[in-house]
Amino acid sequence: MTTGTVRDATFDVLRSTGMTTIFSNPGSTEVPLLAGLPEDLEFVLALHEGSVVGMATGWALARERPALALLHTTAGLGNAVGAIATARVNRAPVVVVVGQQDRRHLALEPFLAGRLHGLAGDYPVWVDQPARAQDVPGAIARAAHEAVTGRGPALVIVPMDDWTADWDDTVVAAPQVVARPTAVDDADLAPLVALIEAAESPVIVSGAGMDSPRAWEGLVALAERLGCPVWQESFGARAGFPQDHPLFAGILPAGRAGLRAALRRHDAVLTVGAPVFRQYPYEPGPLVEPGTRVAIVSDDPAEVHRSPAELAFLADPGVVAARLAALLPSRPHPAEGVVRAVAVPSRPAPGEPLRAAHVMHELALRLPPEAVVVEETPSSRPDLHRLMPARRPLGFLSAAMGGLGFALPAAVGLRMAAPYQPVVAVAGDGSAIYGIQALWSAAHYGVGALFVVLANGRYAVMDRLAEKSGAGKNGAGKAPWPAFTEVSLSAMARSFGCPATRVDSYDDLVAVLDEIVPDLGSRTEPLLLEATVIPDTEFHP
């Protein structure tokens, strides 16, 4: 550590923890930290705090290590709470530093003083406001560890005068390295082995907690050894199994009746890296048929503790899957009827409008297996899952929290962290508007992601939900909100300095994709492709 100021000591912490990229939309309380920033630290400006945390989330998920977001007191933290909640549910290790007014007159609640400690609610995995200025570097170092261990955002509140306080090589209250052993003992797994061995027809439900090369390898080995289908959790942030594998069964229904139907012929359900079970909307009745045994393996304590399962293991699910594949006997007859036929949309006749499925199908034909698809298109999500399967770990990323405004900034941060990986965000126009400010950052920093906006000029999923709620009620489900067909996302993109094009026909769509997608991994300029599509007529949550 260096002598000098708390600011100098904090910069050393950022270097030692690898948090040398600072995502921010700063205000006056952050100026003492940022003015004259050392050249080895990179500052990335976003034009809204939701985009700040969204970009940091994408960066953290791609790099698999903590990312740093810097926010401005009450307004900044308040604007970012939704994105912080998404980072929590998406298991992204983000360190959020929030500026505060000068410590020396906080008691008088001066202008810009914030009541910050509880503003983000329970979504941070850890929150601290250091008692002394000299405790700030240690708090930020600890936040990096807390974010990794807790799989979510850790928040540190720093009064603006702390940065210029003297640093006298005070002890940093955080270890340099935290080891997290993941081995499991065969004896501990014996009850789980016995449960699966006793099953006549086991099934696996996998989730975002399995999205890594090692976890995929272990789970593929286990599924093939058991010859059993693998379902993906509903509303998962990431893909927990290769979705082009013959044993992949699809996305698990989010309602209880659908759950029971999907799992009916199985007498044991092994859930790995996912909760038991995520639903929407509420339906009465049990989750599974009576007599079906349920087990869960997850490294998320809350996910384990709230799951109604017969057997729960708090452990690395990828490690457990690999070990189960070695311990369980092979089943000679694979399950039948697992392979799903994927219906490909037919080409529209001349003059017929585009549908979201047309865009996704043509995009899927051209994207390489290593491409990352960031999804935020609620009304068209079933088509995306059906037509654009994740073929590699981190091949799919979505906002598991459900709030809008994630896809565009997350794609920017992800591509910044993985500059040669093809990244495409697929978002509805209603969703894209919430994170549109991220396009300025993409353009300014040369982030070569492709942003595909499916523009139907309305909140189509909300229209469908309203209609469904009013079924049989004399039109009571008619949506009171208007369409917004006059909004042009391509025009908005260009106003932020991001190149954009709009397509209305199938031929134009194919021509643009043929030009852009082959070089997507090497692009240094973003592009927003606005495809006008007719609203999807059905939505199945």
Side-chain angles (χ1 to χ4, degrees), residues 21-27 29-30 43-62 67-99 114 116 119-124 147 152-155 157 237 374-378 397-417 423 425-445 447 449 451 453 459 487 489 492-493 495-498 526 528:
T21 300
I22 304 171
F23 296 95
S24 183
N25 182 268
T29 54
E30 293 70 61
F43 182 89
V44 176
L45 176 65
L47 301 188
H48 185 273
E49 292 85 356
S51 293
V52 168
V53 175
M55 290 164 62
T57 298
W59 195 99
L61 293 174
L68 179 63
L70 178 65
L71 304 177
H72 174 54
T73 190
T74 310
L77 180 57
N79 284 342
V81 168
I84 289 171
T86 296
R88 173 67 179 269
V89 181
N90 277 45
R91 301 181 172 193
V94 179
V95 173
V96 182
V97 175
V98 184
L116 305 174
L119 186 55
D122 293 332
Y123 289 114
L155 195 150
I157 301 162
V374 186
E375 177 271 328
E376 195 170 28
T377 174
L397 180 62
S398 182
M401 188 63 193
L404 301 182
F406 174 76
L408 272 59
V412 174
L414 198 153
R415 179 58 193 273
M416 292 183 78
V423 175
V426 181
D429 49 355
S431 302
I433 290 170
Y434 279 78
I436 195 72
Q437 301 92 340
L439 295 179
W440 180 89
S441 301
H444 183 82
Y445 294 102
V447 179
F451 305 96
V453 176
Y459 293 121
V487 174
L489 271 295
M492 293 175 71
S495 74
F496 283 109
C498 177
L528 183 135

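Heavy atoms only: backbone and side chains are in, while hydrogens, waters and symmetry mates are out.
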If we only count heavy atoms from C-beta on, is the [X] to [Y] side-chain gap below 4.5 Å?
{"X": "M55", "Y": "Y445", "answer": "no"}
{"X": "V487", "Y": "D429", "answer": "no"}
{"X": "N79", "Y": "V52", "answer": "no"}
{"X": "T86", "Y": "T57", "answer": "no"}

Looking at every heavy atom in both [X] and [Y], which two are closest together, and how far apart are they?
{"X": "A120", "Y": "V81", "result": "CA-CG2, 4.0 Å"}
{"X": "A69", "Y": "V94", "result": "CB-CG1, 4.2 Å"}
{"X": "L45", "Y": "P26", "result": "CD1-CD, 3.9 Å"}
{"X": "S431", "Y": "P378", "result": "OG-CD, 3.7 Å"}
{"X": "T73", "Y": "E30", "result": "N-OE2, 4.1 Å"}
{"X": "L70", "Y": "S24", "result": "O-OG, 2.9 Å"}

Look up atom [atom1] in [X] and atom [atom2] in [Y], then write down how far apart they are to the nearest 0.5 Å.
{"X": "L408", "Y": "L489", "atom1": "CG", "atom2": "CG", "result": "8.5 Å"}
{"X": "W59", "Y": "L414", "atom1": "CH2", "atom2": "CG", "result": "11.0 Å"}
{"X": "N90", "Y": "F406", "atom1": "CG", "atom2": "CZ", "result": "4.5 Å"}
{"X": "T21", "Y": "M416", "atom1": "OG1", "atom2": "CE", "result": "6.5 Å"}
{"X": "F451", "Y": "C498", "atom1": "CZ", "atom2": "SG", "result": "6.0 Å"}
{"X": "R88", "Y": "D122", "atom1": "CZ", "atom2": "CG", "result": "8.0 Å"}

Query raised in the report: Please walk me through it: do Y434 and E376 pass side-chain contact (heavy atoms from CB on, under 4.5 Å)?
Result: CA-CA 11 Å; Y434 279 78; E376 195 170 28; over 6 Å; no
Query raised in the report: Does S398 have any side chain to side chain donor-acceptor pair (under 3.5 Å) partners at least two apart in sequence or in another chain, and if so, which?
Result: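 Only E375 meet the side chain to side chain donor-acceptor pair (under 3.5 Å) criterion with S398.
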**Report entry** Results of side chain to side chain donor-acceptor pair (under 3.5 Å) for T29 - residues two or more places apart only
**Finding:**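 With sequence neighbours excluded, T29 shows a side chain to side chain donor-acceptor pair (under 3.5 Å) to H72, given in chain and number order.
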Query raised in the report: Within a radius of less than 6.0 Å around CZ of F496, do more than 12 heavy atoms belonging to other residues, nucleotides or ligands occur?
Result: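 Enclosed: over 12 neighbouring heavy atoms sit under 6.0 Å from CZ of F496.
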Report task. Begin with the C-alpha distance, continue with both residues' side-chain angles, and end with the deciding distance and a verdict on side-chain contact (heavy atoms from CB on, under 4.5 Å) for L77 and L155. Result -> CA-CA 10 Å; L77 180 57; L155 195 150; 3.7 Å; yes
Query raised in the report: side-chain contact (heavy atoms from CB on, under 4.5 Å) between V412 and W440: does it pass, once the steps are laid out?
Result: CA-CA 10 Å; V412 174; W440 180 89; over 6 Å; no
